[in-house]
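Step one of this worksheet: look at the structure below.
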Amino acid sequence: MGKEVKKMVYFFQQGAGEGGAEMRWLLGGKGANLAEMANVGLPVPPGFTITTEACREYQTTQTWPEGLEEQIAENLRKLEEVSGRKLGDKQNPLLVSVRSGAAVSMPGMMDTVLNLGLNDDAVRGLAEQSGDARFGWDCYRRFIQMFGNVAMNVPHRDFDDILTRHREKAGVKYDAQLGAEQFREIVESFKEVYVKHAAEEFPVEPMEQLRRAINAVFGSWDNPQAVRYRQIHEIKGLEGTAVNVQTMVFGNMGHRSFTGVGFTRNPATGENKLYGEYLVNAQGEDVVAGIRTPKSVDEMPGEDLSEFPETKVSVEDARELYSAMYERLLEIKEKLETHYSDMQDFEFTTQQGTLYMLQTRTGKRTAEAAVKIAVDMAREGLIEEKAAVLRVDPAQIEQLLHKQFDEKDKEKAEASGRELARGLPASPGAAVGKIALTADDAERMAAAEKEQAAEAGAEPEDIILVRLETSPEDIGGMDAAVGILTARGGMTSHAAVVARGMGKCCVAGCGAVRPDEHGKTVTIAGRDYKEGDVISLDGATGQVFDGAIGLVDPHLTGAFGELMEWADGYRKMGVRANADTPRDARQALEFGAEGIGLCRTEHMFFEETRIAYVRQMMLSAPEVRRVAALLDEREVAVSRAGGEDRSKIEQRIEELRAELKGHRALLESALEKLLPEQRRDFEQIFEVMNGLPVTIRLLDPPLHEFLPHESGIQAELAGQMGMTAQQVAGMVKSLTELNPMLGHRGCRLGVTYPDIYNMQVRAIMEAALACVKKGIEVDPEIMIPLVGAAEELRVTREAAERVCQEVLAGGGVDIPYKIGTMIEVPRAALTADEVAEYAEFFSFGTNDLTQMTYGFSRDDVGTFVPEYVDRGILARDPFQSLDQSGVGQLVEMGVKLGRKRRPDLKIGIRGEHGGDPESVRFCYRVGMDYVSCSPFRVPVARLAAAQVSIELEDEVVAELASARRRPIIASAAAGTGG
Ligand code: ADP
Ligand code: MG
Ligand code: MG
């Protein structure tokens, strides 16, 4: 052979793991952390981990890579040695779990098999060894069910039906109340179910069981729900799942045994207190399955085992035992946090009073908890302040900036009896939406709402998914909903965990909810609702309300305020907001914006009182231009003509002059109406911003967006302009363009219809003047859009300067102002040095720049870009996250060339990208002075900008941060062909 065989199996046992936390890319998160916990002396049952690389090879070839067989055999021998048991042994059988676990945690999405190694011989050994026949058969039936489901896709339903039948026959409520004989019968029936579905006998040979379980776990990497989960969470670039083969410990070995999950801090609020749930006499998966509702660990010291009278344990003994176990968990919490210096989510099982650790990982948390935990840990000295700033994911904090219930409105709802029920506060946030009863319905309804809303130009109504409990197949529907309400399950149920990960409001375990997914109805506390009815959820309190409750904007306070202050201490790049109204401007300031990077004037045009004059302006300006051109022609002609011709032309000139006068009068009367309105808009914004820079963009969109296309509106407009409806229709027609986005828009309007820009510049400067006279400072920046050639800017700039000078001379005050341009046409980036000749600032408009660089129409990308992203043709939608390797080159070039010509050129970016953390990082690296984004994303941008400053300065911290983002970055590079 010659070729050296790779190490594909890593052993771990308490005090010695071959791997460690830093090896999660190879060992998966679960495997790496089992090794890490073992290394720091935590009580981990021994086992071994098969690498993700082996999984990838198996997935491609469908056979085990060379050497894997031997390495597994060798490690299994070692495991048998360490545990003193043998797989399949009649007297002393070793039982193992075969567990999935990828580098990035995908809770519950892949498969795990417990109690492997059982057959008709081994089960007797297990019963004898434990002195508990019931326990032995309980393990065996669990194994057949899990193996059957995982390896051969036998539906759980078929097994569950058998269990139900036996429970009914015995007249008991829980499986835990069934006895040895019943479990033995169940095992027989389970085997029959297996044979029926798998068309083979249940495999009795333990090595065969192990081989097939390992392959099934490898294969579970491609479970539909796992694939979907990776899509939704943009998890790419991983090899596959690792497989952990681990000695079983038993939480179902009587009343001194239990199983549970814990968080070292509260994952919903961040409170520094052990948080978790446990179930007595149960095995791992029982907790998540929601069969019995687990108890909070807070109740552990008071556990009296009253649920299990048959155990005959005294209340005192029970309390003593469980108090000690609670103390043990508190020790584990301390140990985990000091070791990992982050909040951990862990699984534990206690077998007859001995606690074992089965898993730990960095706990998923709500945005609120993320912020609180980072700030608290820095204060407690567990991490540095910088690390706290790096720890919080900027994309996640956007949640905190979303709406919350209007307290008054909520109180009113409570007072008027609209509170229907209370469940568990599983994931905070406020949600108002229409009821959907299945995940598919939720997806379908959300899509329909979006479509309808787009047609009506309104906001779509949100959906709330109401389920008995959720399972991994519901992931798509959970994603489509704004809130999730379940009837069953605890704080660590599937619904709760996934909702927190998604940052969605969730109320779980609300017993008053009785959904009927087939009838598409739900009864909540005795009241009937049907699909589409509206309810409201408060995920922080667990309340469920009838109807809608008003929502309000949030505020930055407490830990969040503190974190943002720390971030600002490290941040070097400015953050501004896009704001068109005084209200937006105020919101932006509240979120910490340092100016307005984009104030769009066209939005002001759509106001009801103005739109008619805007249309008049847009119809008459082209007429003025057209007639003026005809007149010019005739005036040249008349000097050359003689006799009769001449008088004909003179007469035509008279007519044209009259016509021009008419159009001009219409244009001027429209401008006169609009000027004071625009002035007022700007004045109010300057007032709010009080001396901070405000970049105002002159009219940008194509005329067609304003033109009246309906005959009713055309007729009205005709009346206003003293024309016939036909004339107006004709004008509209002549202004219609084939490709308006690449047509007569932006500075092209400024060049051809200078009156419009002049009016806007006048309004800006008069507003500035009025403010200064009131003692309010102003810092206006006039921005000319869509420049492709420096000459366009020269012409429009000259006109604008003339107006500015005129206004200032009239006012007798000197107000500094800047004139600059958007860089959004590729040619402007290519010739940025020439453009900079006439610009005091650049603002990159990367929406248009992306559109024109890719040649993707921004308004039509919905039809193919999602598929591109799904198929990995594009790593991400380039309109959401800047395409750094393509469009980014133009940006970088624009910055370099612009600064070459004008070293003090002020440069920023505006639009969607200004609030995308990865794009913000890019902007800082290419040397921009600021980014500008929507007000709600200002804190996101502030945090991202602080993080990139820290990362570029502190290599150690940067290394950690990039490791954290590695899977996504790896795929971004691959996906863009860079
Ligand atoms: P998941 O990724 O879905 O959580 P796990 O591999 O963690 O899957 O296992 C599912 C359940 O089985 C968990 O509750 C876990 O604690 C439990 N479990 C796994 N291995 C063992 C073991 N060796 N002994 C006892 N319980 C186990
Ligand atoms: Mg687990
Ligand atoms: Mg643009």
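Indexing begins at 1, ligand by ligand and atom by atom, following the structure's order. Along the sequence shown, residues carry numbers from 1. Because only heavy atoms are used, hydrogens play no part in the values below, and waters and symmetry mates are left out as well, while side chains stay in. Note that this is a predicted model, so its numbers are computed, not measured.
At least one cation-pi condition fails for K273 and Y275: the charged atom is not both under 6.0 angstrom from the six-membered ring centre and inside a 45 degree cone around its axis. In this structure, R230 satisfies the cation-pi test against W221, with its NZ or CZ atom closer than 6.0 Å to the six-membered ring centre and inside 45 degrees of the ring normal. Taking the ring axis of W64 as reference, the NZ or CZ atom of R211 stays within 45° of it and closer than 6.0 Å to the ring centre.
The Mg ion (ligand 2) has E347 OE2, Q359 OE1 as its protein N, O or S neighbours under 2.8 Å.
Near V249, with a cut-off below 4.0 Å to any heavy atom, the atoms of ligand 1 are 24 (N), 25 (C). Of all the atoms in ligand 1, the ones that sit under 4.0 Å from a non-hydrogen atom of L114 are 12 (O), 18 (N), 19 (C), 20 (N), 21 (C), 27 (C).
If you check each of R99, K30, Q246 against atom 19 (C) of ligand 1, the one with the closest non-hydrogen atom is R99. Here the shortest heavy-atom distance to atom 4 (O) of ligand 1, taken over E347, H494, Q351, M110, belongs to E347.
Under the 30°/60° scheme for interplanar angles, the aromatic rings of Y140 and F202 are found to stand perpendicular.
Remark: R361 pairs with D345 by the salt bridge (Lys or Arg N to Asp or Glu O under 4.0 Å) rule, at least two apart or across chains. In this structure V154 satisfies the side-chain contact (heavy atoms from CB on, under 4.5 Å) test together with M152, F159, V193, Y194, H197, sequence neighbours excluded.
Of the N or O atoms in S100, none lie within a sub-3.5 Å distance of an N or O in ligand 1.
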**Message:** Applying side-chain contact (heavy atoms from CB on, under 4.5 Å) to F11 and Q71, what does each step give before you reach the verdict?
**Reply:** CA-CA 10 Å; F11 197 80; Q71 291 186 28; over 6 Å; no
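Counting only residues at least two apart or in different chains, ring-ring contact (aromatic ring centres under 6.0 Å, His included) contacts with residues 26-49 are absent.
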